[in-house]
Number of protein chains: 2
Amino acid sequence: MARVGLTTDRVVRAGAELADEVGFDQVTASELARRFDVKVASLYAHVKNSQDLRTRIALLALEELADLAADAVAGRAGKDALVAFANVYRDYGREHPGRATAARMRLDPETAAASAGVRHAQMTRAILRGYDLGEPDQTHAVRLLGSVFHGYSSLELAGGFSHSAPDSEESWTRILDALDALLRNWPATPTP
Amino acid sequence: MARVGLTTDRVVRAGAELADEVGFDQVTASELARRFDVKVASLYAHVKNSQDLRTRIALLALEELADLAADAVAGRAGKDALVAFANVYRDYGREHPGRATAARMRLDPETAAASAGVRHAQMTRAILRGYDLGEPDQTHAVRLLGSVFHGYSSLELAGGFSHSAPDSEESWTRILDALDALLRNWPATPTP
DNA sequence: TGCATTTGCCTAAAGCTTTTAGGCAAATTA
DNA sequence: TAATTTGCCTAAAAGCTTTAGGCAAATGCA
């Protein structure tokens with residue numbers, strides 16, 4: 001019997017492509033097997049189960065995103081860095097909707113701690129060095145940026161901003177302008 | 001044979017509770033049937049298929065959220081309204097994680113247009129009347145707020161902010177302070 | 001109250017996905 | 001070339017989804 005040359009890596013990559021084509025939650029071992037022209041059981045030598053497959057796709061997406069982000073911010077600072085960084089997330093979500101959804105998947109704490117997710121947080125902090133924020137405000141800002149990137153990408157993917165003016169492109173630009181202004185002018189803790 | 005008294009409404013409500021208990025994507029017709037002590041096929045008289053069930057749970061969640069939000073903002077304005085509104089989203093996500101995930105589900109355009117989603121957008125606009133924003137900036141701000149609420153809730157649910165200082169509560173408060181400051185001070189479109 | 005109709009839940013069955021166990025042949029190593 | 005490892009296979013069990021057809025309970029009407 002001819003061997004197709006399955007490896008965990010190839011299976012996960014094919015899973016990521018499948019996710020982009022049919023949606024992350026339509027990724028099944030069966031469909032993947034069909035694409036490799038292989039029996040389903042054969043896949044189970046390379047991933048523990050279908051949950052494991054999905055988790056690996058998520059980890060792959062997080063790494064790809066982190067690599068792209070690292071590239072984008074290299075040699076930039078201030079608003080320039082912020083915009084480049086933010087666009088990586090948005091563009092990734094539009095080019096790879098399945099992977100992007102995967103990247104938003106809930107991971108158990110240990111898996112998350114060992115994932116490229118930590119690089120994302122570090123890079124966000126690095127960008128904030130271009131603004132004058134001490135702790136704990138820097139952490140608040142990291143969380144705010146994460147929420148906006150995450151949320152915008154997800155709403156845009158869900159079609160929330162299509163079919164209505166102004167177009168998403170313009171909102172995105174202006175939101176980044178606004179975030180930049182906010183970070184330059186972060187309000188002091190109000191005295192209660 | 002004793003009748004349990006299934007209706008579409010009861011099935012969907014039970015589905016929403018199940019979602020909160022086991023996670024939205026673990027909601028299956030089989031499990032629901034088990035809880036009603038009924039055969040699976042019986043459910044299919046009340047929902048078209050399992051996708052229909054999930055969509056109906058999402059619509060229920062959107063309505064509940066809109067009702068809560070409407071209550072919360074009644075009689076409030078400015079930052080007070082913003083904070084009350086925002087807290088509805090965050091609290092709902094923490095009290096009803098499954099429903100909240102459902103509310104973030106991708107709906108097809110017609111379904112979305114007929115959903116309580118439009119009330120959410122209207123209420124967000126109403127809150128922004130407390131700030132001095134013209135069009136198209138008001139729309140940009142609606143999208144920003146949607147992204148933040150959506151994103152923060154989703155990250156918090158995924159455990160992104162637990163096990164690290166400062167606690168999520170504090171970040172949330174400070175992020176709302178920051179958004180209020182931003183809306184009061186929305187930057188003009190930069191001249192290119 | 002008695003009868004007709006509607007409705008609610010059932011059984012049956014087919015098709016699909018997941019997952020495990022065990023086997024044989026191809027690839028690798030010695 | 002022989003021994004070992006590895007890759008893919010068949011088989012099979014178990015669960016979820018969905019449709020079709022049937023019977024009995026609830027409802028409506030004379």
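Residue numbers start from 1 in every chain, and the chains themselves are labelled A, B, ... in the order their sequence lines are given, proteins ahead of strands. Computed from a predicted model, the values in this text were never measured in an experiment.
- For A/Tyr44, the listed nucleotide lying nearest its side chain is C/dT18; candidates were D/dA11, C/dT18, D/dT19.
- Ring orientation note: the planes of A/His120 and A/Tyr89 are tilted relative to one another, at an angle of 30° to 60°.
- Between B/Asp132 and B/Trp186, every side-chain heavy-atom pair lies at or beyond the 4.5 Å cut-off.
- Of the N and O atoms on the side chains of B/Ser30 and B/Arg34, not one donor lies less than 3.5 Å from an acceptor on the other residue.
- Contacts between residues 5-27 of chain B and DNA chain C, defined by a heavy-atom separation under 4.0 Å, are made by B/Gly5, B/Leu6.
- Distances shorter than 4.0 Å separate none of the side-chain N or O atoms of B/His46 from OP1 or OP2 on C/dT7.
- Of the N and O atoms on the side chains of A/Ser154 and B/His150, at least one donor lies less than 3.5 Å from an acceptor on the other residue.
- Atom CG in B/Asp37 sits about 12 Å away from atom C1' in C/dC9, given to the nearest Å.
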What does the list of N/O pairs under 3.5 Å between the protein and nucleotides 14-16 of chain D look like, with a distance for each?
residue : atom : partner : partner atom : Å
D/dC16  : OP1  : B/Arg34 : NH2          : 3.1
D/dC16  : OP2  : B/Arg34 : NH2          : 2.7

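- In this structure, A/Thr111 and A/Leu59 have side chains that are in contact, with non-hydrogen atoms separated by less than 4.5 Å.
- In terms of the salt bridge (charged side-chain N to carboxylate O under 4.0 Å, His left out) criterion, residue partners of B/Arg174 (sequence neighbours excluded) are, by chain and number, A/Asp137, B/Asp177.
- One finds a side-chain N or O of A/Ser42 lying less than 4.0 angstrom from the OP1 or OP2 phosphate oxygen of D/dC9.
- Judged purely by distance below 3.5 Å, without hydrogens or angles, the side chains of B/Arg143 and A/Ser168 never pair a donor atom with an acceptor atom.
- Of the candidates C/dT20, C/dC10, C/dT19, the closest approach to any side-chain atom of A/Asn49 belongs to C/dT19.
- What separates CZ of B/Arg3 from C1' of C/dT6 is a distance of 9 Å, to the nearest Å.
- A salt bridge between B/Arg94 and B/Glu169 is present, with a side-chain N of the basic residue lying under 4.0 Å from a carboxylate O of the acidic one.
- Here B/Val40 lies in heavy-atom contact (under 4.0 Å) with a base.
- The separation between B/Leu32 atom CG and D/dT18 atom P is 13 Å, rounded to whole Å.
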